[in-house]
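Here the structure comes first, spelled out in structure tokens, and everything after it is commentary.
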Amino acid sequence: MASVKFLCVCQMGIGSSVMLRINIEKVLKNLGIDGTVDSCTAGVAKGQAQQCDVIVTNQDVAPVVRDFGKPIIELKNMVGTKELTEKIQAYMEERGES
């Protein structure tokens with residue numbers, strides 16, 4: 001399984017994307033997935049998106065990052081890990097790495 005590069009993007013401040021990064025790291029560890037996670041604001045995401053495999057964000061920010069040419073994991077709940085786990089598993093299956 002190849003290492004996956006995740007980019008967490010939040011609206012303005014970096015607080016929610018850092019919290020999301022920590023949750024993704026936990027999920028990756030629980031699922032046994034080799035990956036790295038970076039976080040940023042929507043304003044700088046386009047430049048950082050070139051280095052990632054997938055963008056993780058909420059429904060409000062998804063339209064902003066949709067044209068970056070990367071798959072998006074769009075979350076309703078950025079705090080919990082249940083939805084995040086399900087969507088990361090689905091993404092890995094789409095990559096053929098389940």
Side-chain angles (χ1 to χ4, degrees):
M1 181 182 319
S3 181
V4 182
K5 295 178 184 179
F6 292 83
L7 179 62
C8 305
V9 181
C10 69
Q11 191 87 13
M12 295 172 43
I14 194 133
S16 59
S17 65
V18 170
M19 178 187 60
L20 181 57
R21 184 189 79 214
I22 292 168
N23 283 344
I24 291 173
E25 290 169 346
K26 288 178 188 176
V27 169
L28 295 179
K29 184 177 179 180
N30 289 341
L31 295 176
I33 297 171
D34 179 29
T36 59
V37 187
D38 289 317
S39 56
C40 67
T41 64
V44 297
K46 187 170 188 172
Q48 290 194 6
Q50 303 306 318
Q51 278 47 236
C52 77
D53 296 308
V54 60
I55 296 171
V56 184
T57 192
N58 66 22
Q59 295 175 325
D60 295 330
V61 178
V64 175
V65 299
R66 215 173 294 285
D67 66 342
F68 294 173
K70 299 293 180 168
I72 300 171
I73 294 176
E74 188 175 323
L75 301 172
K76 293 178 185 172
N77 178 0
M78 289 187 49
V79 179
T81 58
K82 183 177 188 279
E83 178 187 16
L84 183 59
T85 300
E86 291 168 358
K87 291 191 173 180
I88 287 177
Q89 285 176 317
Y91 170 74
M92 295 305 290
E93 287 174 11
E94 288 174 15
R95 280 178 55 116
E97 299 184 44
S98 54

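The figures that follow rest on heavy atoms only: side chains count, while hydrogens, waters and symmetry mates do not.
Looking at heavy atoms from C-beta onward, Val9 lies out of side-chain contact with Val64 at the 4.5 angstrom threshold. The shortest distance between side-chain heavy atoms of Cys8 and Ile24 falls below 4.5 Å. Side-chain contact between Arg95 and Val4: present, with at least one pair of heavy atoms (C-beta onward) separated by less than 4.5 Å.
Rounding to the nearest 0.5 angstrom, the gap separating the NZ atom in Lys76 from the CG atom in Asp60 is 13.0 Å. Going from atom CG of Leu84 over to atom CE of Met78 covers 9.5 Å, rounded to the nearest 0.5 Å.
Between Glu86 and Lys82, at least one side-chain nitrogen of the basic residue sits less than 4.0 Å from a carboxylate oxygen of the acidic one, meeting the salt-bridge criterion.
Of all heavy-atom pairs between Ser39 and Val18, the closest is OG-CG2, 3.8 Å. Annotation for Val65 and Ala45: closest pair CG1-CB, 4.3 Å, computed over non-hydrogen atoms. The two residues Gly80 and Asn23 make their nearest non-hydrogen contact at O-ND2, 4.3 Å. In plain terms, the two heavy atoms of Lys87 and Glu74 that are nearest each other are NZ-O, 2.5 Å. Closest non-hydrogen pair, Ser3 versus Asp53, comes out as O-OD2, 3.8 Å. Heavy-atom minimum distance, Gln51 versus Lys5: O-CD, 3.1 Å.
Leu20 and Ile33 fall within the same hydrophobic cluster, where Ile, Leu, Val, Met, Phe, Trp and Tyr residues are linked whenever their side-chain heavy atoms come under 4.5 Å apart, directly or through other members. In the hydrophobic cluster analysis, where Ile, Leu, Val, Met, Phe, Trp and Tyr join through side-chain heavy atoms closer than 4.5 angstrom, Leu31 is grouped together with Tyr91.
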(request) Walk me through it: do Thr85 and Asn30 pass the test side chain to side chain contact (heavy atoms under 4.5 Å, CB included)? (result) CA-CA 9 Å; Thr85 300; Asn30 289 341; over 6 Å; no
(request) Apply the test side chain to side chain contact (heavy atoms under 4.5 Å, CB included) to residues Cys52 and Asp38: give CA-CA distance (whole Å), side-chain angles for both, the deciding distance (0.1 Å), then the verdict. (result) CA-CA 9 Å; Cys52 77; Asp38 289 317; over 6 Å; no
(request) Please report the C-alpha distance between Cys40 and Leu7 in whole Å, then the side-chain angles of each, then the deciding distance to 0.1 Å, and finally whether the side chain to side chain contact (heavy atoms under 4.5 Å, CB included) criterion is met. (result) CA-CA 8 Å; Cys40 67; Leu7 179 62; 3.8 Å; yes
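Each of Ile55, Thr36, Val27, Ile73 was evaluated against Phe6; a single residue qualifies, Ile73, per the side-chain contact (heavy atoms from CB on, under 4.5 Å) test. None of Val37, Leu75, Ile72 except one satisfies the side-chain contact (heavy atoms from CB on, under 4.5 Å) rule with Val56; the exception is Leu75.
A donor-acceptor distance shorter than 3.5 angstrom exists from the side chain of Glu83 to the backbone of Asn77, with no hydrogens or angles considered.
Other residues, nucleotides and ligands contribute at most 12 non-hydrogen atoms within 6.0 Å of the NZ atom of Lys46.
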